[in-house]
Amino acid sequence: MERKRRKLAAQYDAERAANGGGVAQVSSIFDGVTIYVNGYTTPSAMTLRRYMLQHGGRYEFQLHRSSVTHIIATTLPDAKIKFGPASDVIVHPQWIVDSIAAGKQLAVERYLLFANAYKSMAGQQSLAESLGLATAAGESLAIAPELDRRTTAGDALTRRAAGAAGAADVEQAHPDLDGLGMRRSKDEPIDPGLARLTTLGGGDFVQKFYSNSRLHFISTSRMASQEFLRKALAERYSTSQPLAREAGARQVIFHVDMDCFFASVALRDRPHLANAPVVVAHALNGSVESKSDIACASYAARARGISNGMFMGAARRKVPDLVVVPYEFDKYAAVSKALYRVFVAFSDKVQAVSVDEAYLDMTGLGQPAELASEMRAQIHELSGCTASIGAGPNMLLARIATSLAKPDGFRFLSHEHATFEIDALPLRKLPGVGYKTVRKLAKAGITSCAECRAQPRARLQALLGGSVGAKLYDTVRGLDSGTVTLPGPRKSIGTEISWGVRFTDATGAEQFVRELAGEVGRRAVEAAMVGATLTLKIKQRHPDAPAEASKFLGHGKVNSFSRSTTLAPPSSDAVALADAALTLYRGLGFEATTVRGVGIALTRLSEVESERRPALQPAAIDSQTTLSAEWHPPAVTGVGGRGAEGTVELPTFSQLDPSVIAELPAETRRELEIVYRRRLAERKRDAGRGTLTQMARPTLPSRPASAAKTKPAPMVIVLDGASGSDDDDFVSPPPQTRGSSDEGSGRDDGVDPEFLAALPSQLRREVEADLKRTSPRKSGRCDGGRKRQRGGAPSLSQIFHPSQAEGGRAARRRHLLSG
DNA sequence: ATCCTCCCCTAC
DNA sequence: TAAGGTAGGGGAGGAT
Ligand SMILES: Nc1ccn([C@H]2C[C@H](O)[C@@H](COP(=O)(O)OP(=O)(O)OP(=O)(O)O)O2)c(=O)n1
Ligand SMILES: [Mg+2]
Ligand SMILES: [Mg+2]
């Protein structure tokens, strides 16, 4: 350790010496080059400076447009990616290193940090048309090189789409680029020193991340608070009589929220900082460049323009004497606990909002001002921190009252004063009105609460959607019909990490997926729940984004993708979840080096009493005799930790005997139908995007989350069991989508999601619209082609609703079709 | 109509 | 340098 420090110090000294003292020039590689180094780089700015001086170049400490010829950076501020002047030559420092190694100045093209791919096309009319993208997939592939040619730095993702057109074309378009070289040089620069902080760093990344993530902390605290309330209130209901409330009293709601929560805790234990501009963040010595998030700013800091969520650098620029204090999660948890104890002491109707905040129904419990005063005193007593309380006739006004009361205050906001106070607020301050909503409203010329109130409800709904529009219509009038209630059972259990996520190979990425699946499984077990749907979310570096984000080890600009699948039986088992998640992950077909975030969630949850039983009770089916004889043995992966004994693997749809189904009790039949419908939907979906589960995958999935919807399946999948056992794996597409030669090329017309992702959103929309128009669902093709091989299999509806479809047929088929 | 998947948005 | 999570409401668009 000590040795390491000495070594670093020595290195620093050497650099300084090189910097201060004269540096001998040993070559003229960089004749005429003047660099300016932006942000953190590897090698360091000082090292780069020395390189320049040694090799005939010049180094500027400031960005003088007149003299600087190259800006050197490993990351770009997001703003620059979006708005950066096309004239800027921003180059990765590797250019300098490689040039020196090569003994000559290499062309910068492949080291450019970003590609202003479509700038030059801004004026063109039908973009899709001009690119020849409009028709079939084959043609869209053919134009890819053309697309590339317009790309300043040639993006690997676009090129990937071009792959099918032949690498030679790419080479011709870019004689100085070597196929995927750009992609690689983009995604590789993480150096060993940094790597240890990422998913590449070793076993405890996830654990370490969670223990340092404030967002993880406040999210999980919220669930913990709810759990605490559930228990405390339930206990209270069962052991004592309900709180005595004055009959007929008008409803009074409290909204209680700690003042600058994290900072309050910090100041409580650091009284000397009471009046200093304090923020809570990781970057204790963050410079004006720092992109560390500020979780919480003290009121002294807020008075100087600092707010929660701001980047450290931005704050430091405003307030150079900012005092940064570290996170103290244990303390926050303790204070939160004390706070919630006060809550349940004052009311038996409490709704948790967050670690530092809740609603209380105080109807008929006394004078609001007195209650609030007492409650605030208790909170302060027990926690050493101050809270503010807003009160009102409904939750909305209580909440708005809180913001008026802060800090360390109380305020009752009646209907009478509601619109007056509301009109004094910027739209953004209204609950439910976030960044996007403000923008949509502004675009429609609505910029204030008063203007909002002047709009017909229908207009707001047209602008914002039926629900949000109607909600806002009420909000600006101070109306809210919500009641203080604990939320019902959880609807999802998920985890996601989008910081420090870097992989060099598929194995590492898959291992990480496994790890997160384990995490979700653990939480599910803890919650005594199993999930029937697993969703995988992937963030992939945006094709235009540089390898490294502006925020240190952040995800940067990304496209997101989500894919879900059914777990049968519903599960919380780490292995089962991991298998499902990995299948989905592989189905996306992403280059591991481009992945910047991974998330896994379980939904369609149900509770398990003993943690031993799946949601679908085997007994319900078993009792129906005949089916069980035909079942496949339980699949190993589906069973989960609960042991094979209690679980059931459903037979393939095609194996069902309609007549047997018909004899099942209505409820069981409904349950089965839901399961099979779901499977069917998944097959279609997967087939549509050309996802292949286990085999080689010549084609690729669909659009990114941020893109417009893409078309669905070109195929109608028929579950007729023609291929026997491999359709046991309901996650995989049916056999006829695969490797079959029925469509010449052997690939279906799924469009590469990365390709679509590479397009600007407007162009992408056009492309997708055109794809839709010109290659209408070819459902007819497959329909006509391969289905019904053996005299026609019954449809799902026919199976489950024989009366509707063809009642007679069910009776005629007295056996399972295969298996 | 209603369900489903994938996505967006919001809040702390 | 830095720890950009998590859950719920809701909508679009396709399938049934
Ligand atoms: N972008 C954000 C917002 C909040 N928090 C954390 C830190 C806050 O202290 C805590 C509570 O959030 P609040 O919205 O209640 O804000 P504060 O309590 O900090 O201030 P206020 O007095 O406005 O409630 O959540 C965070 O980490 N990042
Ligand atoms: Mg607060
Ligand atoms: Mg709060």
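The sequence lines fix the lettering, A, B, ..., with proteins before strands; numbering per chain opens at 1. Worth saying up front: this structure is predicted, and the values here are computed from it rather than measured.
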Tell me: CG of A:Leu284 to P of C:dA3, nearest whole Å? 11 Å
With a non-hydrogen cut-off below 4.0 angstrom, is A:Leu553 in contact with a base, only sugar-phosphate, or nothing? nothing
Please work out if A:Glu289 contacts a base, only the sugar-phosphate, or nothing of the nucleic acid, heavy-atom cut-off 4.0 Å. nothing
Look at all strands and tell whether A:Gly500 reaches a base, only sugar-phosphate, or nothing, counting heavy atoms closer than 4.0 Å. nothing
With a 4.0 Å cut-off on heavy atoms, is A:Gly597 in touch with a base, just the backbone sugar-phosphate, or nothing at all? nothing
Base, sugar-phosphate, or nothing for A:Asn308, non-hydrogen atoms under 4.0 angstrom? nothing
What is the nucleic acid contact for A:Arg439, judged by heavy atoms within less than 4.0 Å: base, sugar-phosphate only, or nothing? nothing
Any base atoms under 4.0 Å from A:Tyr210, or only sugar-phosphate, or nothing? Heavy atoms, all strands. sugar-phosphate
Looking at every strand, decide which applies to A:Leu464 at a 4.0 Å heavy-atom threshold: base, sugar-phosphate, or nothing. nothing
Roughly how many Å is it from NZ in A:Lys491 to P in B:dT5, rounded to a whole number? 16 Å
With a non-hydrogen cut-off below 4.0 angstrom, is A:Ser354 in contact with a base, only sugar-phosphate, or nothing? sugar-phosphate
Check every strand shown and say whether A:Tyr435 touches a base, only sugar-phosphate, or nothing at a heavy-atom separation below 4.0 Å. sugar-phosphate
I need the CG-C1' distance between A:Leu215 and B:dA11, as an integer number of Å. 11 Å
B:dT5 base to A:Arg563 side chain: any donor-acceptor pair below 3.5 Å? no
Integer-rounded Å distance: B:dC12 C1' and A:Asp356 CG: 8 Å
Whole-Å distance separating the CD1 atom of A:Ile538 from the C1' atom of C:dG4: 16 Å
From the list C:dA3, B:dC9, C:dT6, which nucleotide is the closest neighbour of the side chain of A:His216? C:dT6
Flag the pair A:Arg214 and A:Asp293 as a salt bridge only when some basic side-chain nitrogen lies within less than 4.0 angstrom of an acidic carboxylate oxygen. yes
Establish, yes or no, whether a centroid distance under 6.0 Å links the rings of A:Tyr327 and A:Phe217. no
When all nucleic acid strands are considered with a 4.0 Å heavy-atom cut-off, which category describes A:Thr220: base, sugar-phosphate, or nothing? nothing
Does the side-chain ring of A:His282 lie flat on the base of C:dA3, meaning centres under 5.5 Å and planes less than 30 degrees apart? no
Under 4.0 Å, counting only non-hydrogen atoms across every strand here, what does A:Ser221 touch: a base, just sugar-phosphate, or nothing? nothing
Distance criterion of 3.5 Å, no angle test: do you see the side chain of A:Ser467 paired donor-to-acceptor with the base of C:dG10? no
Side-chain (A:Ser213) to main-chain (A:Phe209) donor-acceptor, under 3.5 angstrom: no
Using a 4.0 Å heavy-atom cut-off, does A:Val433 contact any base of the nucleic acid, only the sugar-phosphate backbone, or nothing at all? sugar-phosphate
Between A:Ser492 and A:Asn285, whichever has its closest DNA chain C nucleotide further toward 5' is A:Asn285
With side chain to side chain donor-acceptor pair (under 3.5 Å) as the rule and sequence neighbours excluded, what pairs involving residues 487-496 of chain A come up? A:Tyr210-A:Thr495, A:Thr495-A:Arg523, A:Glu496-A:Lys537, A:Glu496-A:Lys539
Base, sugar-phosphate, or nothing for A:Arg196, non-hydrogen atoms under 4.0 angstrom? nothing
